Enquirer: 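Once you've had a glance at the structure underneath, I'll fire off some questions.
Numbers for residues simply follow the sequence, beginning at 1. Note that the structure is predicted; figures quoted are calculated from it, not measured. For ligands, and for the atoms within them, numbers begin at 1 and follow the listed sequence.
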Amino acid sequence: MSHLKLLAATLKWNGIKLLGKQEIGRRIFLHSQRYASSGTSEPFLSGSNSSYVEEMYYAWLENPKSVHKSWDLFFRNANAGQAYDPHLLDQLERKPSFLQSHGLAQTPAKAEKLVEDHLAVQSLIRAYQIRGHHVAQLDPLGILDADLDSFVPSDLITTIDKLGFYGLHESDLDKVFQLPTTTFIGGKENSLSLREIIKRLENTYCQHIGLEFMFINDVEQCQWIRQKFETPGIMKFTNEEKRTLLARLVRSMRFEDFLARKWSSEKRFGLEGCEVMIPALKTIIDKSSEMGIEYVIMGMPHRGRLNVLANVIRKELEQIFCQFDPKLEAADEGSGDVKYHLGMYHERINRATNKKITLSLMANPSHLEAVDPVVQGKTKAEQFYRGDTAGKKVMSILLHGDAAFAGQGVVYETFHLSDLPSYTTNGTIHVVVNNQIGFTTDPRMARSSPYPTDVARVVNAPIFHVNADDPEAVMYVCNVAAEWRNTFNKDVVVDLVCYRRRGHNEMDEPMFTQPLMYKQIHKQVPVLKKYADKLIADGTVTLQEFEEEIAKYDRICEEAYTRSKDNKILHIKHWLDSPWPGFFNMDGEPKSMSCPPTGISEDLLTHIGNVASSVPVKDFKIHPGLSRILKARLEMTQNRVVDWALAEYMAFGSVLKEGIHVRLSGQDVERGTFSHRHHVLHDQEVDKRTCVPMNHLWEQQAPYTVCNSSLSEYGVLGFELGFAMASPNALVCWEAQFGDFHNTAQCIIDQFISSGQAKWVRHNGIVLLLPHGMEGMGPEHSSARPERFLQMSNDDSDAYPEFTEQFEVSQLYECNWIVVNCSTPANYFHVLRRQILLPFRKPLIVLTPKSLLRHPEAKSSFDEMVSGTTFQRVIPENGLAAQAPHEVKRVIFCTGKVYYDLVKERKNQDLEKQVAITRLEQISPFPFDLLKEELEKYPGADLVWCQEEHKNSGYYDYVKPRFRTIVNHTRPIWYVGREPAAAAATGNKNMHLVSLRRFLDTAFNLEAFEGKTF
Ligand SMILES: Cc1ncc(C[n+]2csc(CCOP(=O)(O)OP(=O)(O)O)c2C)c(N)n1
Ligand SMILES: [Mg+2]
């Protein structure tokens, strides 16, 4: 920052090169021209300027002494002519003779200049508030510009000649100016000399803190920030606070040193260069605890994670150290994860406030920023269950790396959830470890925005950049960030501008790619030493005290290290971030291995059906089309049948009665993409008046949340996964608009849903509803890609299982997720209820129908849902073919909607005796037991798998080896369906129908496979 000369030094009278008179004249001319040429869009004295003059005027009217004497003179002169009319000021610019023509003829030119100068000073103040951060000294190394630009804004007075920009001159430096109410630099003074004004602005905006907040379109919030940073002397710390800060820096630094000494060649993604992050987090937590926060949920990447576990969460050090032991054995609890990904949950007393605080660090994958929405969802859920609607008890903190924060789109998606009623967590504190590098990539190659934090501007979050080598500035900023969240319940970003002392990890050589930066880093005095020297110099601590503090912590580490050698087995469950007290037994196992029947009493079905058909609020006018839909629901209820939507209603409604919260989130889920659901009724006459009948089922029921989400899959699915993590007693469903779109959330599916339990031993019962089906709607509205879910299913295709009594449930317990494609509303009802009745939680992937929502055949009777009934993993053939199985020539196995096409075709071809059609409703885990029975029932039949999807998609690759395992490779399982294809479906309607016709013909051509070998 060599361009920045502090004004204290620059603005001395002596040594200032005086500007020539001509030059001054030219600048003033240019200056007034600039104002004049801005025309109507920025009139002189318009907007905040004119309101400033108005403000002065009214203050003067009340008490002429309250304003500076120059204003007094101006208004006295003006008033001598005629009463002051603020609106007339607008016209000043357009008519320079205006003053004269409105009775201000006597206004001396001097007074006019004074007004101009005051306005100029106001602009100057504003310039610092808006752009001061561009010249703030943020980089501890002093070599980079945090905003990637060494340009100095022309309206900041970095050298004396720049006063001319405002038509001011050095001779104005000692003139006193009235301060506008939009600044607090005066403290108790309401006027200051220009010299002092500039000095104070420099101090506030151009030192080690760079403030970006003037884009916030709320005056009160801007004022709040200005007051927090501009007030003279506001950044003060007691000696006690300074000593605490030093002690925290000692811990942060010595922890990394300890690991480096003991395991010099182990990856740990050390925090060196940003040690201040530990005291920063602790400050945020202390301050938040002081203001009433009881539970902090954190998400963070690799950098400094072990340090956070040790020194913020306070995980026992020996538990951390033992993980470096290569001989540590894994307990039999899943495949686990590397040490810098594991989560943690810890309740303790906050030393600063003496209040209880719970801290949870969420486990996360390597995929940077993926955990952000998950943390938000979990935070929302914790707030929800505590009735903490304003986020006063539970809050989230997200940590980010500079490269990831700028580069990963999910950051943006997460920000967009921050202010939505059903997704807000009432403000998140974001802390960026901005070490000005991402692995080996320079920020200039990694982002197009000036700062890595610009993404936060979309939600009007203030951004506090701070030089991480100034620990007191960092603490101050963190305190303000916590207060900001508590005051406005909005997001805020703390950007710790720092460096990375070593390579990306401890094995990397950074000099290959960043030679100059690292030469500077090698010279850099560690922050702990710098701060200790400062405190020792000013007498806050003695050298001896400092050294004792270090020795004390080193001893703690050594002792823990010795104890760590006793740990021979790693239990991942000790690293669980979201325990569910009482849900499992003492050993963390399910309390049983059985699931009660999922049917419910007829009375309940009728009651829910009636409410689902009604408008339970008085004087509420619904759309006539909707009246017809509700009427049809009532008729169905009276006729004891359900369609898809009503079955879902029954499932949700019945678990609500049992105290289970239900949350359904996704794009347009309230009505339903296919206009079948209508869970939120809208009054046609009163704007925004809505009613959710599901919340009117019983007086004592759990709440139902149904919410249209932002147009995001990655962010929203991550959020719902996090929501589902908080409690086992909730049915949390995310619905894709079409199943095809789920792949923009692929990372959440792969890294969390599929593998979360294996890596982090935590259960999750999230339900994914994925509309799926080949209906000629083109390549992106047809397939939820079941093959991908099935490929990631962990049940072994070649292992013939042992069929114990508990097979059905224990198979569910062993699997990583459940994939179903129900062909009847009743089965959909049962599978949703089973999700809750199971003694453990597993993600459930449901391929849901589109045309079946209204298919006259796709209805279920109450008989299939009443008490005693249950989910059918397989629906066997139960028609003519099943009555004489030995005569059956072919058994077609299928799943989902194609069943209805097959049944219709079979009837058309009059093959009901020859061809059996059996539906696989639960595809994974594979119902080996039931299918075995089904296969044995038809010993003389061909076995066919029929699907409407292309051969390289759908289910075939999953079911084929499993069928073969059942028959011990003695019978072939033939494929009938569409040919392999690159796209999920054709865009041509005709081609769609032709291919359908073709595979239906093959399905019922009983000679199709004659003579073929397998
Ligand atoms: C989504 C994703 N892409 C790529 C990577 C590989 N990767 C790991 S760390 C890293 C650099 C991260 O830089 P930054 O966010 O600045 O954090 P830092 O390591 O500097 O603290 C990259 C690219 C990853 N982990 N996740
Ligand atoms: Mg970085």
Enquirer: For the residue pair Ser564 / Glu318, report whether a side-chain donor-acceptor contact shorter than 3.5 Å exists.
Expert: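 Absent: no donor and acceptor within the cut-off.
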Enquirer: Identify whether the distance between the nearest side-chain nitrogen and carboxylate oxygen of Glu212 and Arg457 falls below 4.0 Å.
Expert: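 Between Arg457 and Glu212 there is a salt bridge, with a charged N closer than 4.0 Å to a carboxylate O.
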Enquirer: I want to know whether Tyr451 and His465 have ring centres closer than 6.0 Å.
Expert: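 Distance test on ring centres: under 6.0 Å, yes.
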Enquirer: So does Glu787 pair up with Arg785, basic N to acidic O under 4.0 Å?
Expert: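 A salt bridge links Glu787 with Arg785.
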Enquirer: Any N/O/S of Asn435 under 2.8 Å from the Mg ion (ligand 2)?
Expert: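 True for Asn435.
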Enquirer: Hey, are Arg254 and Asn311 close enough side-chain-wise for a donor-acceptor pair under 3.5 Å?
Expert: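 There is no such pair between these side chains.
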Enquirer: Quick one, list the residues around ligand 1 where some non-hydrogen atom comes in under 4.0 Å, by chain and residue number.
Expert: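 Those residues closer than 4.0 Å to ligand 1 by some heavy atom are His302, Arg303, Ser366, His367, Leu368, Gly401, Asp402, Ala403, Ala404, Gln408, Asn435, Ile437, Gly438, Phe439, His504.
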Enquirer: Looking at the Mg ion (ligand 2), is there an N, O or S atom belonging to Ala403 that lies under 2.8 Å away from it?
Expert: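 No, outside the cut-off.
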Enquirer: Salt-bridge test for Lys530 and Asp469: reply yes if a basic N is under 4.0 Å from a carboxylate O, no otherwise.
Expert: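 Yes, this pair counts.
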Enquirer: What N/O/S atom of Asp402 is the closest to the Mg ion (ligand 2)?
Expert: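 This turns out to be OD1.
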Enquirer: For the pair Arg501 and Glu256, find out whether any cationic side-chain nitrogen is under 4.0 Å from an anionic carboxylate oxygen.
Expert: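 Glu256 and Arg501: not salt-bridged.
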